[in-house]
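None of these values were measured; they are calculated from a predicted model.
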Amino acid sequence: MSTLEDTPVSRRLRSVKHIIIVCSGKGGVGKSSVSTQLALSLRASSPTARVGILDVDLTGPSIPRMLGLDGHPVHQSSDGWVPVYADGSEARLSCMSVGFLLKKKEDSVVWRGPKKNAMIRQFLADVRWGELDYLVIDTPPGTSDEHLSLIEHMAPVHARISAVIVTTPQAVALLDAMKCLSFARATALRVLGLVENMSGYVCPCCGEVSNVFSTGGGAEMARREGLTLLGSLPVDTELVTLLDAAEGGSRRSFDLLERYEKTPTAPLFKKIADNILEQLGELERGAEAAAGGEAS
């Protein structure tokens, strides 16, 4: 094995089948809620699916809050940091975030690039992720140090990395999403597709859909750039309430997932997750066929 392939990060991620980076060109488009829903939907996709979610939005970590894990400590073992399990003893949804390392959740993270880079490397190389079917990585807005660090540290497992781009329908968000797509193409990062978030508002009383922003922007960008439009998600007040006041899993059941599956957004996101799973399945079959061809 070459030096490039045999790194602490590659050894730690050897048992991770698929890595999905969730990114957006700008903040405020609901990227972290999409990451959370993706992790929940992937876990629910199979009774044996094992999912990890890594929060590398170092200056604004929100995944612990959305999974109901605020205040949980991170434990050190002889094999590295033990992630926090959102589903308790079932241990099929693991999470790691700088939010777990802060003394108070209100504390700011004031770090320059080198320290951010070192923290991301530690998350990838020192967390005891174990065997995972999917590792979802929630990134900060834009294309910054964190994104470059991820791509560089995960270079040995680049073939297993894909991206999902999140935007909202208005022109400003779409322009920034294009920058995210440009970054993905510049780094040869495979893009699974585009999620148009906040695509309308469904009135909880009468069910009427109001277009808060302009409409059709995500579909037009996907058509123009040859991307898959994974789906459009309206503003869901039930989902917002759930993720704002989430509670972690008990020993007997994963309450958050059960409550999430009752929201209006859950069936819409299931279609997005199914699309992603189909693409990942095709990639896996293609890799197996290629490996079989080389072996023969």
Side-chain angles (χ1 to χ4, degrees), residues 6-22 32 35-36 38-40 42-43 49-140 145-157 160-161 246-251 254 256:
D6 190 18
T7 68
V9 172
S10 68
R11 289 193 294 272
R12 183 65 75 177
L13 299 182
R14 188 174 293 150
S15 300
V16 178
K17 293 180 181 178
H18 302 287
I19 301 168
I20 305 170
I21 296 176
V22 181
S32 293
S35 297
T36 301
L38 179 56
L40 291 172
L42 290 173
R43 184 194 181 279
R50 302 180 70 88
V51 182
I53 182 165
L54 171 58
D55 184 1
V56 297
D57 191 348
L58 301 179
T59 57
S62 52
I63 297 298
R65 175 61 183 268
M66 292 185 175
L67 289 177
L69 300 175
D70 266 348
H72 281 247
V74 172
H75 299 287
Q76 182 78 32
S77 75
S78 58
D79 191 33
W81 284 350
V82 180
V84 178
Y85 292 99
D87 52 356
S89 58
E90 292 183 44
R92 291 202 293 118
L93 179 55
S94 52
C95 177
M96 180 54 69
S97 170
V98 73
F100 296 135
L101 308 178
L102 301 177
K103 291 182 179 179
K104 295 188 295 182
K105 62 183 179 182
E106 300 85 4
D107 288 348
S108 61
V109 177
V110 187
W111 292 348
R112 293 187 184 275
K115 191 162 185 180
K116 290 181 179 180
N117 180 58
M119 185 80 265
I120 290 172
R121 180 188 177 282
Q122 193 163 8
F123 279 157
L124 294 171
D126 293 349
V127 175
R128 197 181 69 185
W129 291 110
E131 292 191 6
L132 293 179
D133 295 295
Y134 313 98
L135 176 61
V136 178
I137 302 181
D138 185 49
T139 64
D145 288 341
E146 291 89 335
H147 301 80
L148 290 171
S149 295
L150 279 172
I151 298 300
E152 289 173 0
H153 290 313
M154 295 195 296
V157 294
R160 283 182 261 153
I161 307 173
E247 296 180 358
S250 68
R251 288 184 177 271
F254 189 12
L256 176 62

Of the non-hydrogen atoms in [X] and [Y], which two are nearest, and what is the gap between them?
X: His72; Y: Phe100; answer: O-CD2, 3.5 Å
X: Val82; Y: Met96; answer: O-CE, 4.0 Å
X: Ile120; Y: Ser149; answer: CD1-CB, 4.0 Å
X: Tyr85; Y: Ser94; answer: CE2-CB, 3.5 Å
X: Ile53; Y: Ala39; answer: CD1-CB, 4.1 Å
X: Asp55; Y: Pro64; answer: OD2-CD, 3.7 Å

Should Met119 and Val109 be marked as a side-chain contact (heavy atoms from CB on, under 4.5 Å) after you check the CA-CA gap, both sets of side-chain angles, and the distance that decides it?
-> CA-CA 12 Å; Met119 185 80 265; Val109 177; over 6 Å; no

Does the pair Leu54 and Val127 meet the rule for a side-chain contact (heavy atoms from CB on, under 4.5 Å), with working shown?
-> CA-CA 10 Å; Leu54 171 58; Val127 175; 5.9 Å; no

How many angstroms lie between atom [atom1] of [X] and atom [atom2] of [Y], to the nearest 0.5 angstrom?
X: Lys116; Y: Thr59; atom1: NZ; atom2: OG1; answer: 5.5 Å
X: Leu150; Y: Ile21; atom1: CG; atom2: CD1; answer: 5.0 Å
X: Leu93; Y: Phe254; atom1: CG; atom2: CZ; answer: 5.0 Å
X: Ile151; Y: Glu146; atom1: CD1; atom2: CD; answer: 12.5 Å

Please enumerate all residues that pass side-chain contact (heavy atoms from CB on, under 4.5 Å) together with [X], with sequence neighbours excluded.
X: Asp145; value: none
X: Asp79; value: Arg12, Ser77, Arg128
X: Ser78; value: none

Apply the test side-chain contact (heavy atoms from CB on, under 4.5 Å) to residues Arg92 and Val51: give CA-CA distance (whole Å), side-chain angles for both, the deciding distance (0.1 Å), then the verdict.
-> CA-CA 6 Å; Arg92 291 202 293 118; Val51 182; over 6 Å; no

Check whether any side-chain heavy atom of Val84 lies under 4.5 Å from a side-chain heavy atom of Leu67, and answer yes or no.
->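 A side-chain contact is absent here, since even the closest heavy-atom pair is not under 4.5 Å.
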
Indicate yes or no: at least one non-hydrogen side-chain atom of His75 is less than 4.5 angstrom from one of Trp81.
->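 No. Closest side-chain heavy atoms not under 4.5 Å.
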
Distance-only donor-acceptor hits, side chain of residues 129-139, under 3.5 Å, sequence neighbours excluded:
residue : atom : partner : partner atom : Å
Trp129  : NE1  : Phe123  : O            : 3.3
Asp133  : OD1  : Lys17   : NZ           : 3.3
Asp133  : OD2  : Arg50   : N            : 2.9
Asp138  : OD1  : Lys31   : NZ           : 3.3
Asp138  : OD1  : Ser35   : OG           : 2.8
Asp138  : OD2  : Ser32   : OG           : 2.8
Thr139  : OG1  : Val22   : O            : 2.7
Thr139  : OG1  : His147  : NE2          : 3.3

Go through the structure and list residues passing side chain to side chain donor-acceptor pair (under 3.5 Å) with Arg43, not counting sequence neighbours.
->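 Only Asp87, Glu90 meet the side chain to side chain donor-acceptor pair (under 3.5 Å) criterion with Arg43.
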
Backbone N or O of His153 within a donor-acceptor pair of the Arg121 side chain at under 3.5 Å?
->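 Not at all, since once roles are kept as given, no pair shorter than 3.5 Å links the two residues.
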
